[in-house]
Amino acid sequence: MSRSVSTAVVTGAGSGIGRAIAAELGRQDHDIIIVEVDEAAGKESAASIREAGGSARLVSCDISHTDSVREAFEQIGPLDILINNAGLTRDNLAMRLKEEDWQTVLEVNLTSAFRLSRAVLRSMMKARWGRIIGITSIVGVTGNPGQANYAASKAGMIGMSKSLAQEVASRGVTVNCVAPGFIATAMTDVLADEQKEKLNAGIPAGRMGGVDDVASACVYLASNEAAYVTGQTLHVNGGMAMI
Ligand code: NAD
């Protein structure tokens, strides 16, 4: 079974990687629904997709609130592609990490992705076609000092995706992850040139990735052509870690 035009939800598509994923899926003629807590940023992303000739709208939602998610998905209805991209960091060394910062990161990055996946699975299974893609991170596999909470949430996303993938594979629904390495975003723009050079020296490709590198990986996993790929993590890191 194949789909040409489908409805795709991208969470956290108001900025950075999510914005690029939504724009690229929009160019592929999917109807885009941006699920975003920052209303102004989400509106801007939707407008730029429409300006480029695509179809997009914003559904304001804080994915860490059960009621907000329920209301959003009642509005959205059945969909074909879910990209769990929204995420945040609250970095600190483990000895100094507040329990609240552990909870927030796990809630937004992992529990919310589970909540959304569950909200869409029934209709995907019924349609016998669906794609769920989680944006995890290289540090979910390698670990990173100062990011015990973030790394745990991203590793959790990989384990969760493998489990869901096994539960729904026979129904034409695939569940995969994309794991970016260092990606040039507003966050990394502020680094000094010297710091950037140091980072790039540790990347065989010799540069940070672009948001479009991550978006292209998502487009592939969301395609009909990727129907036999499930439970996988596609690393987009310029060779920084060959896992
Ligand atoms: P970003 O901060 O630019 O974008 C995240 C978006 O998520 C924001 O628009 C924010 O408003 C939204 N968001 C946050 N909490 C939300 C909530 N509760 N409900 C709805 N929306 C919410 O981040 P980014 O750099 O584009 O990262 C996107 C994803 O990629 C994240 O999951 C991040 O962990 C992952 N990632 C990023 C990098 C990188 O180098 N930038 C590397 C690896 C993985």
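Whatever order the structure lists them in is the order used to number ligands and atoms, beginning at 1. Values below: every heavy atom of this structure, side chains too, minus hydrogens, waters and symmetry copies.
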Closest non-hydrogen atom pair between His65 and Arg115, with its separation = N-NH1, 4.2 Å
Only heavy atoms count here, so choose which of Ile63, Leu88, Thr136, Thr11 is nearest to atom 19 (N) of ligand 1.
-> Ile63
Side chain, backbone, both or neither: which part of Ser112 comes within less than 4.0 Å of ligand 1 when only heavy atoms are counted?
-> neither
Of Val10, Val105, Ile34, Asn85, which has the heavy atom at the shortest distance from atom 31 (C) of ligand 1?
-> Asn85
For ligand 1, does Thr185 get within less than 4.0 Å through its side chain, its backbone, both, or neither, judged by non-hydrogen atoms?
-> side chain
Of all the atoms in ligand 1, which lie at a distance below 4.0 Å from a heavy atom belonging to Cys61?
-> 19 (N), 20 (C)
Where the side chain of Gln195 meets the backbone of Ala192, is there a donor-acceptor pair that is under 3.5 Å apart?
-> yes
Can you tell me which residue and heavy atom of the protein come closest to atom 34 (O) of ligand 1, and the distance to 0.1 Å?
-> Tyr150 OH, 2.5 Å
When rounded to the nearest 0.5 angstrom, what is the spacing between CD1 in Ile49 and CD in Glu44?
-> 11.5 Å
Does Lys154 have a heavy atom less than 4.0 Å from any atom of ligand 1?
-> yes
Do any nitrogen or oxygen atoms of Ser137 come within less than 3.5 Å of a nitrogen or oxygen of ligand 1?
-> no
Closest non-hydrogen contact found for Met125 with Val168 is SD-CG1, 3.6 Å
Ranked by distance from atom 6 (C) of ligand 1, the top protein heavy atom is Gly12 O, 3.4 Å
Where is the nearest protein heavy atom to atom 39 (C) of ligand 1: which residue, which atom, and how far?
-> Ile183 CB, 3.9 Å
Where the closest heavy atom to atom 16 (C) of ligand 1 is concerned, which of Val37, Ile135, Val35, Thr188 has it?
-> Val37
Touching ligand 1 at all, Gly181? Heavy atoms, strictly under 4.0 Å?
-> yes
Is it true that a side-chain atom of Asp80 and a backbone atom of Thr7 form a donor plus acceptor pair closer than 3.5 Å?
-> yes
So which protein heavy atom does atom 38 (C) of ligand 1 come closest to, and at what separation?
-> Ile17 CD1, 3.9 Å
Protein contact of atom 11 (O) of ligand 1 - nearest heavy atom, named by residue and atom, plus distance | Glu36 OE2, 2.5 Å
If you measure from the Lys or Arg side-chain nitrogens to the Asp or Glu carboxylate oxygens, is any gap between Asp38 and Lys43 under 4.0 Å?
-> no
Return yes if some donor-acceptor pair links the side-chain N/O of Ser163 with the main-chain N/O of Gly159 below 3.5 Å, else return no.
-> yes
Is the shortest side-chain N to carboxylate O distance from Arg19 to Glu24 below 4.0 Å?
-> no
To which protein heavy atom is atom 14 (C) of ligand 1 closest, and what is the distance rounded to 0.1 Å?
-> Gly87 O, 4.2 Å
What part of Arg19, side chain, backbone, both or neither, has a heavy atom within less than 4.0 angstrom of ligand 1?
-> neither
Closest protein heavy atom (residue, atom, distance) for atom 15 (N) of ligand 1 | Val108 CG1, 3.9 Å
Gly42: heavy atom below 4.0 Å from ligand 1, yes or no?
-> no
Protein heavy-atom partner closest to atom 1 (P) of ligand 1 - residue, atom, separation in Å = Ser15 OG, 3.5 Å
Check whether any side-chain N or O of Asn109 sits under 3.5 Å from a backbone N or O of Ser153 as a donor-acceptor pair, and report yes or no.
-> no
Counting from 1, what ligand 1 atoms have a heavy atom of Asp62 closer than 4.0 Å?
-> 17 (C), 18 (N), 19 (N)
Euclidean distance, Lys154 NZ relative to Ile138 CD1, rounded to 0.5 Å = 13.0 Å
Taken to the nearest 0.5 Å, the spacing of Ile17 CD1 from Asn85 CG works out to 6.5 Å
Start with the C-alpha gap between Ser55 and Asp31, add the side-chain angles, then the distance that decides, and say whether side chain to side chain donor-acceptor pair (under 3.5 Å) holds.
-> CA-CA 5 Å; Ser55 153; Asp31 287 328; 2.9 Å; yes
